[in-house]
Asker: 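The structure is given below, and queries will be raised subsequently.
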Amino acid sequence: MKIIGREAEIKLLNQIVDSDKAAFVAIYGRRRVGKTFLIKEFFNEKFSFYATGLANANTSQQLTSFTIFINQAFNTDYKTSKNWLETFNILANELKKIQGKKIIFMDELPWFDTKKSDFMTGLEFFWNSYASSQADIKMIVCGSAAWWIINKLIKNKGGLHNRLTARIKLEPFSLKETEQFLQAKNMAIDRYQILQLYMVMGGVPYYLEQVQKGLSATQNIENVCFNDSGLLKTEFRYIFSSLFKNGEKHELLLRKIYEKGGSAKREDIISAANLSSGGDISNRLDELEESGFITAYSEFGLKSSKKIYCISDFYTLFYLKFIENSGKYEQGDWVNKMDDPSVNAWAGISFEQVCFNHIQQIKNALSIAGISSKSTAWSKKGTEKTKGTQIDLIIDRKDRVINLCEIKFSINQYTITKNYDEVLRNKLAIFKESTKTRKAVFLTMITTYGLAANEYSRSIIQNEITMGDLYL
């Protein structure tokens, strides 16, 4: 299969290859997002040297494996060295014999860095004493263990401080890229069904690879998520150990955010998890955010330091809500739950997250792509005398306009009733009164199939966006 999407990453990789300077590139992202596939396809697997780390192996095994890769690449017969410093020196000496551009790809790099090994010393030696001065060397390293890439390379305070030429955080597919991916698999399903799949699997390519043609989105979700042999039935238990050091703490934080309704302030997360506040918690929250599991945003009108963390990984939300306690699988379990209130509630929350993930597409649909803006959410608790309310998405624009976005998921056109029209008017009034904003406020509806035309559909609605706009 050819590379789907990834235009920005491909453009950057082309610039790096064409550069007349040495390059050290780190590519990272969540498990199954397609990091290795991108690099192998881009370079057509034509590397001067390629090696990949071994999962759960000790230092001796990693050194032996790396030496085998050296012997295969250069047709040599080296014996395994005692340490990484010697091993990287052998690699440098072999590369010196090659004329022209040299592409080095080291996959699953964090796995090489076993406990008490000198791997980082060897890597620093290789880059600083040799590779960095060679204009024809382009070294790409990759790994799913986001904490390692972030802390050992991006935030390195030792010999590799500021040595990275570029870092690529590979994100899951957008809806448009997901559509292209499924079309490449000859899947004949419409955008509503693609949206259903996306709300469960996100744009993670390997998850989408499990989708079978000839089945509806609902049938595929049941097979992949609830069938005992389905990939996503058990995937969750492996995610955190593969991505993070002491991943059980990351999982705990994520579960506490979920228990708070999917979003929570830092102090509430710490309290719920019964943990002490400090840099360790901040680092773990940062690592969860860098890996795409949570998104941090500031509520409208509050200081940016007062962040709210919300779960942004679709599979995590779906797993905790439905898969984890699904019990023994029986055919038709998920199909028969389609009208269940819990499914409708989840679909509403998941569709809101889809919209947050496609802010740029929403701005394009509003013809404000070129206007600087900040996307947030807002809520106000009620009191004995006043009503509370919540705004799903706010786009606060520099041209002195605020789009208040109300997001509704439905299987048909959404009908604004007399009662709901009153709810919308109250939201608008409470927001204006509470925030004292002097900007113009446009009420914007984001729905799957648009609004059913009636006397209320145009009364206070300034803009209307549909599911189709999210695919642009």
Asker: Do Glu171 and Arg30 sit within salt-bridge range, that is, some charged N less than 4.0 Å from a carboxylate O?
Answerer: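 No salt bridge links Glu171 with Arg30.
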
Asker: Tell me yes or no: between the side chains of Lys116 and Thr59, is some donor less than 3.5 Å from an acceptor?
Answerer: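 Absent: no donor and acceptor within the cut-off.
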
Asker: Is it the case that the side chains of Asn156 and Arg163 hold a donor-acceptor pair, with the cut-off being a distance below 3.5 Å and no angle test?
Answerer: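 Looking only at side-chain atoms, Asn156 and Arg163 do not form any donor-acceptor pair under 3.5 Å.
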
Asker: Tell me, yes or no, whether the heavy-atom count around Glu248 atom CD, taken from other residues, nucleotides or ligands under 6.0 Å, exceeds 12.
Answerer: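 Check passes, neighbour count above 12.
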
Asker: Say whether Tyr329 and Glu222, considering side chains only, have a donor N or O and an acceptor N or O under 3.5 Å apart.
Answerer: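 Yes, Glu222 and Tyr329 have a side-chain donor paired with an acceptor closer than 3.5 Å.
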
Asker: Any side-chain donor-acceptor pair under 3.5 Å between Ser326 and Lys233?
Answerer: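 There is such a pair between these side chains.
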
Asker: Considering residues, nucleotides and ligands other than Lys176, do more than 12 of their heavy atoms fall under 6.0 Å from its NZ?
Answerer: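 12 or below, so no.
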
Asker: Check whether the side chains of Glu235 and Tyr319 place a donor and an acceptor atom closer than 3.5 Å, and report yes or no.
Answerer: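 Not at all, the side chains of Glu235 and Tyr319 share no donor-acceptor pair under 3.5 Å.
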
Asker: Under the ring-ring contact (aromatic ring centres under 6.0 Å, His included) test against Phe49, which residue among Phe66, Phe126, Phe88 passes?
Answerer: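 Testing Phe49 for a ring-ring contact (aromatic ring centres under 6.0 Å, His included) against Phe66, Phe126, Phe88 leaves exactly one candidate, Phe66.
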
Asker: Quick one about Lys398 and Ser373 (side-chain donor to acceptor, distance below 3.5 Å, no hydrogens or angles considered), yes or no?
Answerer: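 There is no such pair between these side chains.
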
Asker: Verify whether one side chain among Gln62 and Asn58 offers a donor that lies under 3.5 Å from an acceptor in the other.
Answerer: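 Short answer, no.
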
Asker: Side-chain donor-acceptor pair under 3.5 Å between Asn71 and Asp77, yes or no?
Answerer: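 Result is no, nothing qualifies.
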
Asker: Just by distance, no angles: are the side chains of Tyr471 and Gln361 close enough, under 3.5 Å, to form a donor-acceptor pair?
Answerer: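 Absent: no donor and acceptor within the cut-off.
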
Asker: Can you find a heavy atom in the side chain of Ile465 that is under 4.5 Å from one in the side chain of Thr444?
Answerer: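 Sidechains of Thr444 and Ile465: in contact.
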
Asker: Lys138 side chain to Lys21 main-chain N or O, any donor-acceptor pair under 3.5 Å?
Answerer: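 Checked: pair present.
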
Asker: Side chains of Gln353 and Asp313: donor-acceptor distance under 3.5 Å anywhere?
Answerer: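 Not at all, the side chains of Gln353 and Asp313 share no donor-acceptor pair under 3.5 Å.
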
Asker: Side chain of Lys102, backbone of Ile98: donor and acceptor closer than 3.5 Å?
Answerer: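 Indeed, once roles are kept as given, a pair shorter than 3.5 Å links the two residues.
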
Asker: Side chains of Arg32 and Ser144: do they bring a donor and an acceptor to under 3.5 Å?
Answerer: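 Ser144 and Arg32 do not have a side-chain donor-acceptor pair below 3.5 Å.
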
Asker: Ignoring hydrogens and angles, state whether a donor on the side chain of Tyr309 or Glu289 is under 3.5 Å from an acceptor on the partner side chain.
Answerer: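 The criterion, which ignores hydrogens and geometry beyond distance, is not satisfied for Glu289 and Tyr309.
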
Asker: For Gln61, I'd like to know if atom CD has over 12 heavy atoms of other residues, nucleotides or ligands within 6.0 Å.
Answerer: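 Counting neighbours around CD of Gln61, more than 12 heavy atoms of other residues, nucleotides or ligands fall under 6.0 Å, so yes.
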
Asker: Looking at Val33, is its backbone amide N or carbonyl O close enough to the side chain of Tyr206 to form a donor-acceptor pair, meaning the two atoms are under 3.5 Å apart?
Answerer: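 Here the side-chain-to-backbone pair does not exist.
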
Asker: If the plane angle is over 60° it's perpendicular, under 30° parallel, otherwise tilted; pick one for His250 and Phe244.
Answerer: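 Judged by the thresholds at 30° and 60°, the geometry between His250 and Phe244 is parallel.
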
